[in-house]
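What you see is a predicted model, and the numbers here were worked out from it, not measured in a lab.
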Amino acid sequence: MNKPQAEETITTAFKQLLEKLQAQDEFNPNLVISDLHQLAKSLQTDGSHQINLHTPQQNLEDEYKALAQESLVSYAQTKESVQRINEEQKRALESNVNRDSIHIEQIMHSFSSVHEQIEEQMREANETIKALHQQISILEKSSNLDPLTRTYNRSALDHYLKALCHMEGRVPDSRILLIDIDDFKHVNDTYGHLAGDRVLIFLAKLISSSLRDGDKVFRFGGEEFLVLLNRSSEKACASVARRILEGVRANKLLYKEHQIRITLSIGTATFVQGDTFETFIERADKALYEAKNNGKDQVIVG
């Protein structure tokens, strides 16, 4: 492995390790040490500059595979049990049908026992399937959430907005707020990136508390959030934006005895029939840019 390859390996590994750390709820030093050992081992092997530190998406895919395998095993076991029960039912019939007198009570008792076993097996199968569905639902939800702010991530935004853009017929009034923290770099440079993370978490909670149940908030970029308002008038949209602005102005974040105050710039846009994902967001982005140029700490309706 030459020097450029080593640099590429270390850079790639560093980025992947950061992504993995951000996705974890708690810091796990053993996993980090294991990943660093893997990196060291790969550097000792010539030509192995493609390193894999198991990104969150890969972990998610592995979990889906494990669930799928579990469901297949459960199905195979249930199928085998039902086949065995059917064989018992067949033997019960054959043991009576060839006799001179048919013992009805014995047959009914055998059938009753067989059906009870079938019902029990089906109950167990249904419970397993229900548990698997719940686990998959949890995985799907976690894969659509930003690990830091617990708001929806960019992947979820792509899904929701593209579905909206492909709706046929009359589309319900939908509006978006594109929200950017003013001078966020100053917060990171002055107080550190951990303080910046606290600000993002604080803002995500404040935005969420300002919305109705059907509205959604997404982490759009580093310090940008996007709010999707469903069935909302222009007046209601402006009211939500003002509520968020006022909430931020009225609150301050305490971090290591420092009081951190922030302001926001917000641009809005209304969905128009024929919009694409890009054109819809572009109008909100232009309104946001105008809010920045006009002095920040304000909302501009696009």
Can you list the residues that meet the side chain to side chain donor-acceptor pair (under 3.5 Å) rule with [X], with sequence neighbours excluded?
X: Asp180; result: Lys292
X: Arg212; result: Asp215
X: Asp189; result: Lys185
X: Ser233; result: none

Closest heavy-atom pair and its distance - [X], [Y]:
X: Asn153; Y: Ala156; value: OD1-N, 3.0 Å
X: Ser174; Y: Phe280; value: O-CZ, 4.0 Å
X: Thr276; Y: Cys165; value: C-SG, 3.5 Å
X: Leu264; Y: Ile244; value: CD1-CG2, 3.7 Å

From [X] [atom1] over to [Y] [atom2], what is the distance, rounded to the nearest 0.5 angstrom?
X: Ser210; Y: Arg242; atom1: OG; atom2: CZ; result: 13.0 Å
X: Ser155; Y: Asn144; atom1: OG; atom2: CG; result: 5.5 Å
X: Lys205; Y: Ser208; atom1: NZ; atom2: OG; result: 10.0 Å

- Task: Could you name each residue pair satisfying side chain to side chain donor-acceptor pair (under 3.5 Å) that touches residues 260-271, not counting sequence neighbours?
- Result: Arg175-Thr270, Asp182-Thr263, Asp182-Ser265

- Task: Sequence neighbours left out, what pairs pass salt bridge (charged side-chain N to carboxylate O under 4.0 Å, His left out) with at least one residue falling in residues 270-285?
- Result: Asp275-Arg283, Glu282-Lys286

- Selection residues 190-203 - residue pairs positive for salt bridge (charged side-chain N to carboxylate O under 4.0 Å, His left out), sequence neighbours left out: none

- Stepwise, does the side chain to side chain contact (heavy atoms under 4.5 Å, CB included) test hold for Leu145 with Thr151? CA-CA 6 Å; Leu145 292 180; Thr151 59; over 6 Å; no

Residues 294-302 side chain polar contacts: donor-acceptor under 3.5 Å, at least two apart:
{"from": "Lys296", "atom 1": "NZ", "to": "Asp183", "atom 2": "OD1", "distance (Å)": "2.8"}
{"from": "Asp297", "atom 1": "OD1", "to": "Arg249", "atom 2": "NE", "distance (Å)": "3.0"}
{"from": "Asp297", "atom 1": "OD1", "to": "Arg249", "atom 2": "NH2", "distance (Å)": "3.3"}
{"from": "Asp297", "atom 1": "OD2", "to": "Arg249", "atom 2": "NE", "distance (Å)": "3.4"}
{"from": "Gln298", "atom 1": "NE2", "to": "Asn294", "atom 2": "O", "distance (Å)": "3.2"}
{"from": "Gln298", "atom 1": "NE2", "to": "Lys296", "atom 2": "O", "distance (Å)": "3.2"}

- Message: Treating Ser239 as the side-chain partner and Lys235 as the backbone partner, does any N or O pair qualify as donor plus acceptor under 3.5 Å?
- Response: no

- Task: Look at the side chain of Thr190 and the backbone N and O of Val187, then say whether any donor-acceptor pair between them is shorter than 3.5 Å.
- Result: no

- Return the set of residues passing ring-ring contact (aromatic ring centres under 6.0 Å, His included) with Tyr191 (not counting sequence neighbours), or none when no residue passes. His258

- Message: Using the ring-ring contact (aromatic ring centres under 6.0 Å, His included) criterion, which residues pair with Tyr160? Sequence neighbours excluded.
- Response: Tyr152, Phe218

- Does any pair with a residue in residues 283-302 pass ring-ring contact (aromatic ring centres under 6.0 Å, His included), and if so which ones, sequence neighbours excluded? none

- Can Leu157 and Phe277 be said to form a side chain to side chain contact (heavy atoms under 4.5 Å, CB included), step by step? CA-CA 10 Å; Leu157 175 64; Phe277 177 91; 4.2 Å; yes

Donor-acceptor contacts under 3.5 Å from residues 221-232 side chains, at least two apart:
{"from": "Asn230", "atom 1": "ND2", "to": "Gly214", "atom 2": "O", "distance (Å)": "3.2"}

- Task: Might you work through the side chain to side chain contact (heavy atoms under 4.5 Å, CB included) test for Ile201 and Arg150, ending with a clear yes or no?
- Result: CA-CA 8 Å; Ile201 294 169; Arg150 309 308 291 173; over 6 Å; no

- Item | Linked, directly or transitively: Val272 and Leu178 (ILVMFWY side chains, under 4.5 Å) | no

- Query: Using a distance-only test with no angle check, is there a side-chain donor-acceptor pair under 3.5 angstrom linking Thr149 and Asp146?
  - Reply: yes

- Please lay out, stage by stage, how Phe271 and Asp173 fare under the test side chain to side chain contact (heavy atoms under 4.5 Å, CB included). CA-CA 7 Å; Phe271 181 78; Asp173 291 336; over 6 Å; no

